2 protein chains.
Amino acid sequence: MLSKKTKYGLKALVYMARKEDRKPVLISEIAESENISKKFLEIILLQLKNSGFLGSKKGKGGGYYMLKEPGEITIAALIRILEGPIAPLPCVSLHFYEKCSDCKTEEDCSLNKVMIEVRDSMLNVLEKRTLADLSG
Amino acid sequence: MLSKKTKYGLKALVYMARKEDRKPVLISEIAESENISKKFLEIILLQLKNSGFLGSKKGKGGGYYMLKEPGEITIAALIRILEGPIAPLPCVSLHFYEKCSDCKTEEDCSLNKVMIEVRDSMLNVLEKRTLADLSG
DNA sequence: CAAAAGTCTAGTAAATCGATAGATTAATAG
DNA sequence: CTATTAATCTATCGATTTACTAGACTTTTG
């Protein structure tokens with residue numbers, strides 16, 4: 001299950017991607033349109049800015065704007081920023097790998113193989129789909 | 001990411017499935033072999049019993065035993081019991097459906113379609129794979 | 001300078017996670 | 001019948017995460 005943070009982040013980006021121009025968008029405008037707590041959305045957009053997906057401009061006429069084309073941003077990349085690992089277990093994660101403390105070896109782990117299958121089937125969708133698919 | 005509860009539950013069941021006979025297995029035996037806190041495993045096995053996957057016997061010679069054949073138990077069913085919804089969003093869950101409060105309608109939700117794709121790709125693995133696949 | 005709008009710091013209520021302690025109940029062996 | 005074994009139940013707990021809020025601060029524009 002994705003957290004609300006991730007869900008809100010994705011919806012906010014879709015909202016921005018749907019705009020024709022790339023002028024700064026107000027946090028409050030997105031929050032209102034998408035039914036998201038403004039303060040919570042602040043945190044989320046800031047995180048997306050610090051990760052290089054968004055730029056921001058302060059002061060009058062300011063707001064957040066996209067730094068890349070929607071077609072260049074995969075859902076997988078966004079989920080990794082907002083949610084963390086996509087893989088069902090740390091020991092099968094490509095970007096957040098960690099050894100399981102309770103397993104002697106990876107081959108010995110009874111879950112490893114199937115969880116890799118699960119991971120790959122998810123990535124097959126999430127790495128293929130971009131913001132452009134969501135906003136189209 | 002699956003919780004440790006789910007992971008431990010799956011590993012415990014694999015351990016039981018791998019035994020030739022279907023005699024009761026001690027919690028402590030599983031806990032020791034799989035490096036799981038015994039007290040935590042108690043809770044997990046009890047839940048699997050209450051969900052109809054395991055039977056138990058008290059007293060000497062007691063323990064937990066499987067009620068079904070490993071090949072009849074899908075990983076999806078176990079995850080639903082131990083973890084909850086498999087779907088990435090409540091609004092695309094088959095077994096735990098809930099309307100999203102922030103969306104007007106489902107068609108209008110920008111995430112709905114892709115998340116259904118994700119769900120189906122996961123289920124494609126999880127509904128196909130059984131305990132027999134893990135223990136084989 | 002004043003207003004607008006993002007940024008930062010701090011905090012918080014509630015839920016969840018992973019785990020532990022100890023009393024109780026049921027079954028079996030002798 | 002009694003002692004032992006092992007599951008069951010009750011309860012609690014610290015740490016972390018989640019979702020969210022308040023308010024001060026900074027930057028930009030007009």
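Excluded from the calculations below are hydrogen atoms, water molecules and symmetry mates; all remaining heavy atoms, backbone and side chain alike, are included. Here the structure is a predicted model, which is why all the values come from computation and not from measurement. In the text below, chain A, chain B and the rest are named by the order of the sequence lines, each starting its count at 1.
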Between A:L41 (CG) and D:dT21 (C1'), how many Å, whole number? 14 Å
Toward the 5' end of DNA chain C, which comes first, A:G62 or A:N50, by nearest nucleotide? A:G62
Heavy atoms only, 4.0 Å cut-off, all strands: where does B:K49 land among base, sugar-phosphate and nothing? sugar-phosphate
Validation row: B:R129, B:L134 side chains within 4.5 angstrom (heavy atoms): no
To the nearest Å, how far apart are B:L45 CG and D:dA7 P? 9 Å
Which whole-number value in Å describes the distance from A:I44 CD1 to D:dC20 P? 9 Å
What is the separation between atom CE on B:M1 and atom C1' on D:dT16, rounded to the nearest whole Å? 15 Å
CZ of A:R18 to CE of A:M16: how many Å apart, nearest 0.5 Å? 13.5 Å
For the pair made of NZ in A:K57 and C1' in C:dG6, what is the distance, rounded to whole Å? 12 Å
Can you name the one residue among A:T130, A:L126, A:D133 that meets side-chain contact (heavy atoms from CB on, under 4.5 Å) with A:I75? A:L126
Measure from CG on A:N35 to P on D:dC20 and round the result to the nearest Å. 11 Å
When you measure from the side chain of A:E83 to the backbone of A:S3, do you find a donor-acceptor pair of N or O atoms at a distance under 3.5 Å? yes
Looking at every strand, decide which applies to B:L26 at a 4.0 Å heavy-atom threshold: base, sugar-phosphate, or nothing. sugar-phosphate
Hey, is the side chain of B:K60 pairing donor to acceptor with the base of C:dG30 inside 3.5 Å? no
Single hit among A:L45, A:I30, A:L54 for side-chain contact (heavy atoms from CB on, under 4.5 Å) with A:V25: A:I30
Gap between atoms OH and P, on A:Y65 and C:dG6 respectively (whole Å): 12 Å
Nearest nucleotide by nearest heavy atom, which residue falls closer to the 5' end of DNA chain C, A:G59 or A:L46? A:G59
Return yes if the base of C:dG6 and the side-chain atoms of A:K38 contain a donor-acceptor N/O pair under 3.5 Å, otherwise no. no
Is any side-chain N or O of B:S37 closer than 4.0 Å to OP1 or OP2 of C:dT20? yes
Distance-only donor-acceptor test, B:E42 side-chain atoms vs D:dC9 base atoms, 3.5 Å: yes
Interatomic distance, A:I43 atom CD1 to A:L48 atom CG [nearest 0.5 angstrom]: 12.0 Å
Quick one: do A:K68 and A:F53 satisfy side-chain contact (heavy atoms from CB on, under 4.5 Å)? Show the steps, please. CA-CA 7 Å; A:K68 305 180 188 176; A:F53 291 100; 4.2 Å; yes
Figure out the NZ/P separation between B:K39 and C:dG22, and round it to whole Å. 10 Å
In the 5'-to-3' direction, what one-character label does each nucleotide of nucleotides 10-18 of chain C receive under the scheme B = base within less than 4.0 Å of a protein heavy atom, S = sugar-phosphate only, - = no such atom? --------S
